Student: 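Once you've had a glance at the structure underneath, I'll fire off some questions.
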Amino acid sequence: MIDFRKALLRAAPALGRGALSFVVALALVALLTTWAGYDAGVLFHTLFAGAAGDGYRISESLLRSIPLVFTGLAVVVSFRAGLWNIGADGQFLAGAMAGTFVALHWNGMAQVLMLPAMFVAAWVAGAFWGWIAVWIRVRREVNEVITTIMLNLIAVQILAWLVHGPLQEQAGAYPQSDAVPAAARLPVLFAGLRLHAGAIIAVVAALLLWLLLFRFAIGLRLRAVGHNPRAARFARVALERYRILAMLLAGALAATGGIVEVSGVTGRLYENLSPGYGFTAIAVALIARLHPIGVLPAAVLFGALDTAARALERDLGVSPVFADIVQAQVILIIILLETPAIRTRLQRALAGVQARMPFRGGEHA
Amino acid sequence: MSTAISLHKIVKNYGPFRALDGVSFEVHSGELHALLGQNGAGKSTLMKILYGLSVPDSGEIRLGDAVLRPGSTKEAISAGLAFVMQHFSLIDSMSVAENLMLGQLKGASYSPRKLIASMQDFIDRNAFELDAAAQVGSLSVGQKQRVEILKALYRNARFIIFDEPTAVLAPHEISVLFATLTALREAGIGIVFISHKLDEVLQVSDRITVLRDGRTITTVNTSEASAAQLARLMVGHLPAPPPARQSADISRSTPVQLAVRDLRVSREDGSPALEEISFELHAGEILGVAGIDGSGQSELAAALYGLISPEQGEVTACVPANRIGLIPQDRDEDGFVFGFSIAENCALDELDMTDAGDWTVLSPQESDRLARERIEALDVHCRGPQQDVAELSGGNRQKLLLARVLARHPRVLIAHNPTWGVDVQATALIRDKLLRQAEAGTAVLLISSDLDEIYRLCDRFFVLFRGRITGWGDRNTERSRVSLWMTGKEEGAA
C-alpha cells in the first residue's frame, strides 16, 4: 500500500519551496504593478477572485489546466528519458486533428464507440508525431530539439490548411471545422459549469505515468537511459528502444490533451486551438521537477494564472499585454527560484551564514 | 619563516552523519604534507572545505594569520590555492595552451599561434615535457595531470592539493609525477598529497597526517614514521594479508568459459583499439591483463561483455550472458546512475540478471530488501537503500558495485582495475573476493594496470600494448621482461 503520510512528508520540502517561490513571485509582481501605477491591493484581489473567487472561477481555472496536465506529462516522460521534446504543442495538435477528423467523418457512431475511436486516433497521430523526431534522432543523430520545433510548425500549418480547406465548416464563414456531434463530447462534471470529464482523465493519466515510471521495470530503464546512458548500457538496457518508447508515449499523452480539449471544451477545430500549451508545459514539467504527480498542482497553478490574467483584463480594464506580463513574470520567477544552480546557491548562502555564526565571538574576535 | 595555510577544528555533518569532527591541518610552503586515510575517513571532504567547495559547519580556514571566508573558492584561489582533482577539469577539444589560458584571458581575442608559442615557453621553463599545441583529448592520463599542474602554476598557485594523484597513473607515470612534486616543493610550493597508499606517502612526503573516521589521529614527520605504525593508525587494526594463491595449473584441466579468437576492435575514429587478440579463459583461474592504461583494456572489457561487437574474430561465451559479471573501470560513469538511489541501482542490475520484461512490477520493499542484502554482503557504509549513490565515497561505491556483480553468481567475472582509488581495507576485501570466486570455479579476468596486483592474484597473464598482446607470463616471469612488454618490446610467449 502507498503510505500517504510518508509520501507527503517526503514531498514537504519541495512543496514548501514551491510555496515560497510563489510568494516571492507575487511580491515582485506587487512591486511592478505599483510602479506601473496600479493599486497592488485591488490587483491582487482581482487576481485571486478571478482565479478562485467562486465555483465558476475555480471550474474555469481547472479547465485551463487540463491541457497543461497532458502536455506537461508528455514533457515529463520525454525529459526523463533524456530527450528534449519541445514538440508537445505539435503532438497536441496532431491528436486534436486526428480525433476531430474521426468524429466528423463517422458522425453517426454510437457514443460508446465514438469517444474510444477518437482517442485511439489521437494516440496514433500523436505517437506518430513524436516518433518522427525520435526516429530521426536515433537514425541520423539529429538533435530532437530542432526536429520537434519543426514538427510543431508543420502541425500548425496542417491545422490551418484543414480548417481553411477540407475540414472547414459547411457554412464556410469562418476558418473552423463543424462542431463534432454530441456523441463526441465529453460530459461536464457539474451542471452549469464547463469543467468536464477530461479532468478525471488527466488525474488518471498522471497516476498511470507515475506507476509506469516508478513501479515498473520499463520506467526504471527509461529513467536510467535519461540519467546516465552509459551506465544503462552497461546494465544491458537497449537505449534506443526506451528513447523511442518515451517519445511514443509523450506524443500519445500530448495528443490526449488535444482531443480532450476539442471534445471537452471547444467542440471544433480552429487555428489557435493551442495558445502554446506545449511550451507552457515545459515550465509546468520543470516546476513539477519532472514528477508526474507534481504536474497536477503545477498545471493548476498555470491554469489559475491564466484565468486570473483574463480577470485582470476584464474587471480592471488592465491591458491584456500587462496581464500577460504579470503571468509571465510569475512563471519566470518561479522557474528562476527552482533552478538547481540558484537553489544550491541559496542553500549554500544559508549554510554559510550558519557556519559563521557560532564563531562570531570566537578566538579571533 | 614560511607561510602556511591551515584548517582549525573543522566540523562537517551530512545529516546525522559527522564526516569531520574537529579536524585541524596545515601545510607550509615548500612542504609536501600527505593526508593519509582510508576512503570515507574524510580526506576529500576536508580538502573540499579548504578549497571552498564545501562549507564547514564550524571551524575556520586561515592563510597565515588572515581568516578566509568558508565556502568561497574565489577566496581560496586568490589565496594561492589550486586543486588537482581525480577527475580533471580540462576541455578535451582544446589545445594544451588554450586550456592553460582558460579563465586567464585578458581582452576579447587572442592569436592561437602566439598563445601556443608563449605557453610552450612557459611549459619549457617549468621543465615539463608537453606539446602546447596538442589537443588535450589526445593526451594520456599522466599528461593531462601535468596540464592540470601547469594550470595551477600558471595561476601562480602557492599551494596545490592533489587528490589521489597516483590512482589514475601507470607505474612509470607515477615516478614522473613524484619527480615533479619534488621539483615543485623545491620551488617553494606547499603540497597536500591525499592518498591511502602507504609506500607512496613514505616515499615522497615530509610530514604525514593520518585521518580516521573524521578525526585527526596524528601528524608525524615522515623520517620518523614506519609503514606498520601508519597502517595501524590508519586502519585501527592491520588488515590480514591476502591468502597466497596455490597452483597455476588448475586452469589447464578445467573447461573453457570464454574463448576469444583473433579479435579486432576499432575506436570511433577508426583507429585500431585491439588487434589479433586470442586467449581462452578457464573456469577457476584468474587470468591477468597487464599493460599501461589505454592500451585497449576498456575496449577488451566492453567486447567481452558484449557491449561492442568485434569487427573481426569472435568472442565465444560458454555461459549465459547474465552470468557474466563486469566491474567496469570507470565505476562512476559506467557502473552507477547518479541521482538514483542505491535501491534503484541494484534493481537495474537485478532486472538485467533475471532478464525481466518491461512490465515487471518493482516493489519498493523488494528493492529495499535486495539493496540491503548487497549493502550487508560487503559492508557498504551508507544511510540506507534510499540514499543517492552519488553521496557514497569511492571505496563504498566500489564495494557496492562488487556486491551487485557477485549477486549474479557470475561464472565469468571481468574486473577492470577493481582496486583503483580504493582504500587498504576495501582493496584487501576486493582481492579476497576475487580469489574466492576463482576458488569457487568462476573464471576471472583481472585487467589491471597495477603489476603488483597481477603478480599477487593471477595464475597467468598477458600484456597489452597498443591493442596487441606483446607477451604472456606468470608469477615466475621476471618483471623486467614484463616492463619491456608493457612498452611494446615484443617477445615470445612464456
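Lettering of chains follows the sequences in order, A, B, ..., and the numbering in each one begins at 1. Predicted model only: the values in this text are computed from it and were never measured.
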Student: Checking Ala302(B) against chain A: side chain, backbone, both or neither under 4.5 Å from a heavy atom?
Tutor: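 For Ala302(B), there is no contact with chain A at all, as no heavy atom is under 4.5 Å.
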Student: Considering only heavy atoms, which portion of Tyr305(B) lies under 4.5 Å from any heavy atom of chain A: side chain, backbone, both, or neither?
Tutor: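 Both parts, backbone and side chain.
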Student: Crowded around Glu240(A) CD? As in, over 12 foreign heavy atoms under 6.0 Å?
Tutor: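 Not buried by this count: 12 neighbours or fewer within 6.0 Å.
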Student: Answer yes or no: is there a side-chain heavy-atom contact under 4.5 Å between Phe340(B) and Leu220(A)?
Tutor: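 Yes; the side chains approach each other to less than 4.5 Å.
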Student: Rounded to the nearest 0.5 Å, what separation is found between the CG atom of Leu351(B) and the CZ atom of Arg236(A)?
Tutor: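 Taking CG in Leu351(B) and CZ in Arg236(A), the distance rounds to 13.0 Å.
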Student: Taking every non-hydrogen pair under 4.5 Å, which of Arg233(A), Arg230(A), Arg223(A) racks up the most with chain B?
Tutor: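 Sorted descending by pairs with chain B, the first entry is Arg230(A).
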Student: Please state whether the side chain, the backbone, both or neither of Leu222(A) comes within less than 4.5 Å of a heavy atom of chain B.
Tutor: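 Neither; nothing under 4.5 Å.
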Student: Could you pull out all donor-acceptor pairs under 3.5 Å where a side-chain atom in residues 128-141 of chain A meets a protein atom, sequence neighbours excluded?
Tutor:
residue	atom	partner	partner atom	Å
Trp129(A)	NE1	Leu151(A)	O	3.0
Arg137(A)	NH1	Glu144(A)	OE1	2.8
Arg137(A)	NH1	Glu144(A)	OE2	3.4

Student: To the nearest 0.5 Å, tell me how far Arg215(A) CZ sits from Thr360(B) OG1.
Tutor: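 These two atoms lie 14.5 Å from each other.
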Student: Closest heavy-atom contact between Gly339(B) and His227(A)?
Tutor: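 Residues Gly339(B) and His227(A), closest heavy atoms: CA-NE2, 4.1 Å.
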Student: Write out all pairs satisfying ring-ring contact (aromatic ring centres under 6.0 Å, His included) with one or both partners inside residues 230-256 of chain A, taking only residues at least two apart or from two chains.
Tutor: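 Listed by first then second residue: nothing to list.
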Student: Just by modelled atom types, is the Glu333(B) backbone N or O under 3.5 Å from a matching donor or acceptor in the Asn228(A) side chain?
Tutor: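 Yes: the side chain of Asn228(A) pairs with the backbone of Glu333(B).
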Student: Using non-hydrogen atoms and a 4.5 Å limit, figure out which bit of Asp65(B) sits close to chain A: side chain, backbone, both or neither.
Tutor: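 Looking at Asp65(B), nothing touches chain A.
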Student: What part of Leu211(A) is in contact with chain B, defined as an atom under 4.5 angstrom from a non-hydrogen atom: side chain, backbone, both or neither?
Tutor: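 Neither part, no heavy atoms under 4.5 Å.
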Student: Return the option, out of Ser367(B), Ser363(B), Ala321(B), with the maximum number of heavy-atom pairs under 4.5 Å with chain A.
Tutor: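 Of the options given, most contacts go to Ala321(B).
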Student: Taking the side chain as everything from C-beta on, heavy atoms only, tell me whether Val361(B) gets closer than 4.5 Å to Phe216(A).
Tutor: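 Side chain of Val361(B) against side chain of Phe216(A), heavy atoms only: contact under 4.5 Å found.
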Student: Indicate the atoms forming the closest heavy-atom contact of Leu362(B) with Ala217(A), along with that distance.
Tutor: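 The answer is CG-N, 3.8 Å.
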Student: Which atoms of Asp332(B) come close to chain A, meaning under 4.5 Å heavy atom to heavy atom: side chain ones, backbone ones, both, or neither?
Tutor: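 Contact with chain A: backbone only.
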Student: Which of the residues Pro364(B), Gly357(B), Ala347(B), Pro328(B) is involved in the greatest number of heavy-atom pairs with chain A at under 4.5 angstrom?
Tutor: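 Looking at each of Pro364(B), Gly357(B), Ala347(B), Pro328(B) in turn, Pro364(B) comes out on top.
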Student: Select, from Val337(B), Leu326(B), Asn322(B), the one with the greatest count of heavy-atom pairs under 4.5 Å involving chain A.
Tutor: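 Looking at each of Val337(B), Leu326(B), Asn322(B) in turn, Val337(B) comes out on top.
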Student: At a 4.5 Å cut-off on heavy atoms, which part of Leu348(B) comes close to chain A: side chain, backbone, both, or neither?
Tutor: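 Both backbone and side chain of Leu348(B) come within 4.5 Å of chain A.
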